[in-house]
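Both backbone and side-chain heavy atoms feed into the values below; hydrogens, waters and symmetry mates do not. In what follows, chains are A, B, ... by sequence order, proteins preceding strands, each numbered from 1.
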Protein chains: 2
Amino acid sequence: MALQVSSRPAFTRAERAFTRAEPDARRASLVEACARVLAREGVAGCSVRAIALEAGVSPGLVGHYFSGIDALVAETYAHIEAQVSAAIDAALEAAGSDPRARLEAFVTASFAPPIASGELLATWIAFWSLVRSRSEIARQHDEQYARFRARLEGLLAECGMPEPQLRRAAIAITALVDGLWLELCLSPQAFSAEEAGAIARQALAALTSSGR
Amino acid sequence: MALQVSSRPAFTRAERAFTRAEPDARRASLVEACARVLAREGVAGCSVRAIALEAGVSPGLVGHYFSGIDALVAETYAHIEAQVSAAIDAALEAAGSDPRARLEAFVTASFAPPIASGELLATWIAFWSLVRSRSEIARQHDEQYARFRARLEGLLAECGMPEPQLRRAAIAITALVDGLWLELCLSPQAFSAEEAGAIARQALAALTSSGR
DNA sequence: GCACTTGTTGTACGAACGTCCAACAAGCAA
DNA sequence: TTGCTTGTTGGACGTTCGTACAACAAGTGC
């Protein structure tokens with residue numbers, strides 16, 4: 001880590017790697033370091049210094065790329081959410097063209113790695129804690145939620161659900177998946193990830209077969 | 001507030017009220033102050049100093065009653081959860097003896113004041129952020145979750161649901177309610193509290209009528 | 001080679017944090 | 001009244017936080 005040399009002033013520092021990175025790559029490495037710190041130490045341990053140490057970078061560099069921890073957490077959330085979205089897309093792709101199979105793959109993937117991981121919980125919590133006080137982060141959440149629900153509405157429509165029912169069914173299934181995911185993270189011994197998937201598919205069947 | 005006199009040492013302080021309270025009452029006032037701070041300032045503003053100021057008490061007193069912020073947050077969560085539980089009990093009482101009406105009252109109450117309030121979100125988030133790192137808090141969550149689910153299983157059994165189905169149905173409905181509640185707090189313009197209740201009742205009908 | 005630009009460093013600084021503790025004040029027993 | 005117990009105070013202390021900034025090093029163009 002080469003941190004014990006810090007007692008010397010700043011004119012001989014050949015022992016520390018000075019590497020200039022592409023701005024995007026540096027941002028990405030900070031985002032990933034932030035995700036690792038959140039996963040390992042939780043919200044309480046998520047500080048500029050901890051993230052800089054994790055990224056192998058000096059503390060000042062964090063402020064050079066992000067206006068503060070909040071902005072970094074928001075980008076970390078967006079980054080992980082993109083990974084989650086990609087994993088679901090891959091599951092839909094793998095499920096083939098049958099609408100029903102695609103719908104089931106959607107909920108099944110929500111409880112499989114890398115999504116159903118307690119390590120992601122701290123990132124979600126850190127983001128949620130900013131929603132009510134920062135309007136731009138509230139907007140980010142609105143957009144993410146709307147995107148998730150719109151995709152689900154599309155899958156339900158493919159399964160032949162009438163348009164007037166789409167909205168409420170999608171809200172219900174989104175809430176069910178999120179609730180199961182949250183409780184799986186918080187009380188992992190209450191039920192398993194496999195059971196969560198089975199419960200969600202079962203509820204899906206009930207919600208899509210009932211007339212209204 | 002009488003805080004500007006702090007430059008003087010500690011031998012003339014007649015201007016500050018010194019009131020000795022019952023230990024339980026003092027604990028309760030600190031818990032309520034913690035809840036107010038969380039509601040007003042969010043997780044980030046929840047410090048020993050802020051809570052002491054809110055309670056009209058010196059910072060040192062917080063440490064006299066609680067081992068730290070974590071313990072105070074845990075007790076605040078338990079306190080609010082007890083209020084939520086009492087509100088649901090009252091709704092069940094008011095619903096009469098019909099099992100179906102009682103079950104619907106259960107979910108309806110979950111989205112009515114004082115439960116469906118964004119001000120509670122920060123308390124929940126502060127508690128959740130401790131679950132994965134503090135085993136005694138994880139246990140507290142397990143117990144609260146088990147209690148909630150057991151009550152729901154009881155209501156479902158009264159409605160005639162066969163015993164083998166109780167567990168999964170209760171997990172699903174609990175997750176649905178929690179997910180709707182969370183998303184209502186985070187994106188309040190996505191749907192209203194009334195719609196959340198209606199969606200939950202609708203899903204309830206689908207989940208309880210489907211054979212399996 | 002030599003300026004010039006700019007990503008990066010390490011430290012310094014003030015503010016806020018949790019904790020600690022000697023001093024103090026109210027109630028109670030005698 | 002007097003002495004004792006104990007809830008309560010307010011400031012001291014060391015730590016950690018986020019931010020700011022001058023110094024430095026790697027590219028880049030000339």
Side-chain angles (χ1 to χ4, degrees), chain A residues 1-30 33-34 37-38 41-74 126 130 134, chain B residues 1-30 33-34 37 41-73 126 130 134:
Chain A
M1 282 297 165
L3 283 178
Q4 67 280 7
V5 298
S6 60
S7 59
R8 239 175 309 158
F11 37 81
T12 56
R13 68 179 83 172
E15 52 276 89
R16 227 232 189 263
F18 184 109
T19 47
R20 186 175 301 232
E22 285 291 312
D24 287 352
R26 189 63 93 181
R27 283 180 74 91
S29 86
L30 287 172
C34 179
V37 169
L38 280 167
E41 319 205 25
V43 179
C46 182
S47 66
V48 168
R49 282 173 165 82
I51 292 165
L53 182 66
E54 176 71 27
V57 128
S58 81
L61 198 60
V62 177
H64 196 264
Y65 282 98
F66 296 93
S67 63
I69 291 277
D70 294 2
L72 179 49
V73 165
L130 303 174
R134 307 280 298 254
Chain B
M1 283 296 165
L3 283 177
Q4 68 279 8
V5 298
S6 61
S7 59
R8 239 176 309 160
F11 37 82
T12 57
R13 69 180 80 172
E15 53 276 88
R16 227 229 189 264
F18 184 108
T19 47
R20 186 175 300 233
E22 284 291 313
D24 288 352
R26 189 64 91 183
R27 283 180 75 91
S29 86
L30 288 172
C34 179
V37 169
E41 319 206 23
V43 180
C46 183
S47 67
V48 169
R49 282 172 164 81
I51 293 165
L53 183 65
E54 176 71 26
V57 129
S58 82
L61 198 61
V62 175
H64 197 264
Y65 282 98
F66 297 94
S67 63
I69 290 277
D70 294 3
L72 180 48
V73 165
L130 303 173
R134 306 282 298 254

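- Pairing each heavy atom of A/Tyr65 with each of A/Arg27, the nearest pair is O-NH1, 3.0 Å.
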Derivation of the side-chain contact (heavy atoms from CB on, under 4.5 Å) call for A/Cys34 and A/Leu38: CA-CA 6 Å; A/Cys34 179; A/Leu38 280 167; 4.0 Å; yes
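- Counting any heavy atom pair closer than 4.0 Å across all strands shown, A/Arg49 reaches a base atom.
- In this structure, the NE2 atom of B/His64 is 17 Å from the P atom of C/dA23, given to the nearest Å.
- B/Gly60 comes within 4.0 angstrom of a nucleotide base, judged by non-hydrogen atoms across all strands.
- Closest contact between the side chain of B/Tyr65 and the listed nucleotides D/dG7, D/dG18, C/dT8 involves D/dG7.
- The CZ-P distance, from B/Arg27 to D/dG7, rounds to 13 Å in whole Å.
- Nearest heavy-atom pair across B/Arg26 and B/Thr19 is NH2-O, 2.7 Å.
- Comparing B/Phe66 and B/Arg20, the nucleotide of DNA chain C nearest to each residue sits closer to the 5' end for B/Phe66.
- The distance from atom CG of B/Asp24 to atom C1' of D/dG7 is 14 Å, rounded to the nearest whole Å.
- Taking CD of B/Glu54 as the start and OG of B/Ser47 as the end, the distance is 11.5 Å to the nearest 0.5 Å.
- Atom pair A/Glu41:CD and D/dT16:P shows a separation of 13 Å (rounding to whole Å applied).
- Residue A/Ile51 contributes atom CD1, which lies 15 Å from atom C1' of D/dT16 at whole-angstrom precision.
- In this structure, of D/dG18, C/dT8, D/dT9, it is D/dT9 that holds the atom nearest to the side chain of B/Val57.
- Contact annotation: A/Ser58 side-chain N/O to C/dG10 OP1/OP2 distance is not under 4.0 Å.
- Of the candidates C/dG7, D/dG10, D/dT8, the closest approach to any side-chain atom of B/Pro59 belongs to D/dG10.
- Distance A/Arg26 CZ to D/dA26 P: 13 Å, rounded to the nearest Å.
- Between the C1' atom of C/dC17 and the CD1 atom of B/Ile69 lies a distance of 10 Å, rounded to the nearest Å.
- Following rounding to the nearest Å, B/Leu61 (CG) and C/dA26 (P) show an atom-to-atom distance of 15 Å.
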For side-chain contact (heavy atoms from CB on, under 4.5 Å), just list the numbers for A/Ile51 and A/Ile69, CA-CA rounded to whole Å, side-chain angles, deciding distance to a tenth of an Å, and then say yes or no. CA-CA 10 Å; A/Ile51 292 165; A/Ile69 291 277; 4.0 Å; yes
